[in-house]
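Computed from heavy atoms alone, side chains included, the values below leave out hydrogens, waters and symmetry copies.
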Amino acid sequence: MAGAGAHQRGQILSAISTHATMLVRTRFAPSPTGFLHVGGARTALFNWLFARQQGGQFILRIEDTDQVRSTEQSAAGILQDLRWLGLDWDAGPVVGQGKNEYFQSMRLELYRQHLQELIRQGRAYEAYETPEQLAAMRAEAEKQKRPFRYRRQMAGRAAPGAAQPVLRFEMPWQDLHFKDLILGDIRVAGDEHDDIVIRKSDGFPTYHFAVVVDDHAMGITHVLRAQEHLMNTPKHLALYATFGWPAPQHGHLPLVFNLDGSKMSKRDRTKAARAALQAYARQEQDALFEKLARRAALSPATIRAFMARQNDDAALASKLAACIGCELPEIDVQDFRRSGYLAEALVNFLALLGWSPGGNREILSRREMIEAFSLEQIGRTSGRFDRKKLHWMNGEYIRASSIEQLGAAVDRFNEVTDYPLQHADADTRRQLLAMYQPRMATLVELARNSVFFFQEPVYDAAAVAQHVLQEPGPVVLREIETRLKAVPRWDRENLAPVLEHILALGQKRGAAAQTLRVVVSGGAVSPPLLETLLLLGRDKTLGRIARHLAAIRREPPVPAHGSDLS
RNA sequence: GCCCCCAUCGUCUAGUGGCCUAGGACAUCAGAUUCUCAGUCUGAAUACACCGGUUCGAAUCCGGUUGGGGGUACCA
């Protein structure tokens, strides 16, 4: 509990007026230090939904005050991801046009002026400790089992030295209270605060300072942000109070975690890739990293370094994982896009992670979400990201889409992936979409499963052994060949009865279909044969059959193991 | 350690003192349909963390315990 100002608890900040009559303005303010994380996307979405629901505005601002980690490239990536998600902003950076005033690095003069203002008021002061000195002070405090708080009045502050000083804000000693839009009353005792750094030694403002200046300058009325910012809020409110500005209302969103409760971090991907590589190495033994290196066009040393955790390159992880056919957990928005999720489905899923429209509704259009959205219905408990539910939901969206809509989604998908699908002509693509719509949950499933239409299949040895080489496979296949060769015209009318006949071959209805399916598609799973043969065409179909029959002639008996026709 | 927040099926949640012997969705399991897969349909199993209060009555209100999370940076 607080000392000095305990009796004043709640007085100062709760007295600040709200913006009840003003136009609602929310914002999303990512720092461009990487790709857009799904957690960030959800924060953006909630701000967007609230603004749209209230008939207000949604602002985008890039918080690039960390000179070391911020890059323009990642800012561009974030903009692209937001656009893909369909979260349009009413003010903010313009895609593809460098920096403007919605980048904090372009607003340094504004911060400088306000810093001056605080100095004039005597509320900001220079501090001369080096990071090392501060670390030592914290360590000492911990040793004495007392919390460390940097305050202007404390003993042992460093005298001016060689190092560039930082500017700190003198926090008031009063207990602070505010009403969180989601969590309700939050109280923090006066002696819990540090005098936060507001200008770093490189002259840039810190987040704490820039966020307050900008939210005020941009007329933000409601700040919805992740719960990790909860303890920052009193500091920000103290700044508003000092400037005499009305503060926006704050709401803190519960965090999102992996299913196992761990943080969703980009390093989940490199970790998963490493684990898969390790398992792969165990199973195939010897010099396969060399083999892998050749396949991925990398040096074996790079792979070794990756395995030894000497680098944590996400792109490298993706590449290696692709080489050994391993799926990495999606973390960033673009990961989901590359995995073939539809923006609409991801948005719907994200909306339901922490918000509920009430009742039993699950699938909501954007319009319905906007109409139903309310802060009261946002939960307070952290959520876990269940990819299986997303997967299901994506399937729902795919099945509810028209072929045209799916075509458009495939276009967006093709922009960030590289599958044979992208070479399909319009008509082929239509047919593929119609064929796969009921049996895919993501576009990646379409892209991967339809490869055999574009190139010779990679045959599944076990399937070939079971359905083609093993009797009655060879006999059946010969019969199939004869029948198909006799088809006068390769169209639905002529093919359908032949297929009926094939289904009836052998003792078990449908067994022969598997023989044909494997020969034609490479594996035991494909879309219905009629559609498959129609799209594949006569030449490819008969060609693949002929090649298998030739192989059987070369190796007549049929023990267990596979063929290598690919 | 200290400060703050949170707590309903495995997961996301409905629930705002009686409508709750707790509803939905995903996942799981079983069955049906079927040329494979998927889809679809039917059914099953599974939760109010614990202990005390308040109340005629508590998942819902209060206190504590336990558990989880966040913060404690010249990162945001």
Side-chain angles (χ1 to χ4, degrees), chain A residues 29-33 63-66 68-70 127 129-131 134-135 138 141-142 145-149 163-168 180 182-184 186-189 191-194 196-202 204 206-208 210-211 225-234 252 254-255 257 259 261 263 349 352-363 376-377 379-393 395 399 436-441 445 449 463 467 499-500 502-504 508-514 516-518 521 523-530:
Chain A
S31 66
T33 54
E63 309 220 317
D64 55 347
T65 53
D66 185 335
V68 181
R69 296 194 305 150
S70 298
E129 288 77 12
T130 63
L134 284 169
R138 288 193 185 98
E142 186 167 347
K145 299 195 167 181
R146 103 190 125 71
F148 176 75
R149 306 272 180 256
Q164 278 296 311
V166 300
L167 208 59
R168 285 182 186 265
D180 189 274
I182 293 161
L183 299 172
I186 305 291
R187 297 166 194 285
V188 182
D191 51 8
E192 286 298 325
H193 306 290
D194 273 289
I196 49 170
V197 173
I198 52 180
R199 188 191 66 202
K200 309 181 223 181
S201 54
D202 67 3
F204 268 57
T206 59
Y207 161 73
H208 296 299
V211 78
R225 48 164 42 155
Q227 219 170 93
E228 61 200 6
H229 287 296
L230 185 61
M231 289 296 97
N232 294 332
T233 308
H252 290 90
L255 268 15
F257 298 97
L259 216 44
K263 274 192 195 176
F349 178 78
L352 259 32
L353 198 52
W355 171 71
S356 164
N360 293 332
R361 299 211 275 168
E362 295 281 342
I363 306 284
E376 290 72 41
Q377 287 289 86
R380 282 128 303 172
T381 58
S382 55
R384 295 176 186 221
F385 197 101
D386 186 352
R387 289 188 179 76
K388 284 197 172 146
K389 184 157 183 176
L390 204 214
H391 191 258
W392 161 78
M393 191 173 277
R399 267 164 258 126
Y436 279 95
Q437 182 174 33
R439 68 196 79 250
M440 67 169 163
E445 289 163 25
N449 295 336
H467 297 291
L499 216 51
E500 267 313 306
I502 291 172
L503 287 177
K508 223 175 76 196
R509 181 178 163 83
Q514 281 307 81
L516 179 54
R517 169 168 284 118
V518 171
S521 77
V525 176
S526 86
L529 281 169
L530 182 56

Look at the side chain of A:Ser356 and decide which nucleotide, out of B:A14, B:C6, B:C2, has an atom nearest to it.
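Among B:A14, B:C6, B:C2, the one nearest the side chain of A:Ser356 is B:A14.
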Would you mind pulling out the nucleotide paired to B:A7, Watson-Crick or G-U wobble, both distances under 3.5 Å?
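Per the H-bond distance test, B:U66.
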What does B:G43 pair with, Watson-Crick or G-U, if both distances are under 3.5 Å?
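In the structure as shown, B:G43 has B:C29 as its Watson-Crick or wobble partner.
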Regarding A:Gln437, tell me which of base, sugar-phosphate or nothing describes its non-hydrogen contacts under 4.0 Å with the strands shown.
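The answer is nothing, as A:Gln437 stays clear of every strand by at least 4.0 Å.
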How would you label the contact of A:Ile186 with the nucleic acid (heavy atoms, under 4.0 Å): base, sugar-phosphate, or nothing?
sugar-phosphate
Just to verify, what does A:Asp180 make a salt bridge (charged side-chain N to carboxylate O under 4.0 Å, His left out) with, not counting sequence neighbours?
none
Among residues at least two apart in sequence or on other chains, which ones pass salt bridge (charged side-chain N to carboxylate O under 4.0 Å, His left out) with A:Arg439?
none
Residues which pass ring pair (Phe, Tyr, Trp, His ring centres under 6.0 Å) with A:Phe385, listed by chain and number, not counting sequence neighbours
A:Phe336, A:Phe349
Among residues at least two apart in sequence or on other chains, which ones pass side chain to side chain donor-acceptor pair (under 3.5 Å) with A:His467?
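Not a single residue meets the side chain to side chain donor-acceptor pair (under 3.5 Å) criterion with A:His467.
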For the [atom1] atoms, the ones on [N] and on [M], what distance do you get once it is rounded to whole angstrom?
| N | M | atom1 | result |
| --- | --- | --- | --- |
| B:C9 | B:G24 | P | 16 Å |
| B:U55 | B:U60 | P | 16 Å |
| B:A58 | B:G53 | C1' | 12 Å |

Looking only at side-chain N and O atoms, does A:Arg225 offer a donor or acceptor that is under 3.5 Å from a partner on A:Thr233?
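There is such a pair between these side chains.
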Distance (rounded to the nearest 0.5 Å) between [X] [atom1] and [Y] [atom2]:
| X | Y | atom1 | atom2 | value |
| --- | --- | --- | --- | --- |
| A:Arg509 | A:Leu503 | CZ | CG | 5.0 Å |
| A:Ile182 | A:Arg380 | CD1 | CZ | 9.5 Å |
| A:Asp66 | A:Phe204 | CG | CZ | 9.5 Å |

B/S/- along nucleotides 30-45 of chain B (protein heavy atoms under 4.0 Å) is -----BBBBSS-----
Sugar-phosphate atoms are those with a prime plus P, OP1 and OP2; base atoms are the rest. Using that split, label each nucleotide of nucleotides 63-76 of chain B B, S or - for protein heavy atoms under 4.0 Å, 5' to 3'.
------SBSSSBBB
Neighbour count >12 (heavy atoms, 6.0 Å) for atom CD, A:Gln377
yes
Counting only distance, no hydrogens or angles, is the base of B:A27 paired donor-acceptor with the side chain of A:Lys389 under 3.5 Å?
no
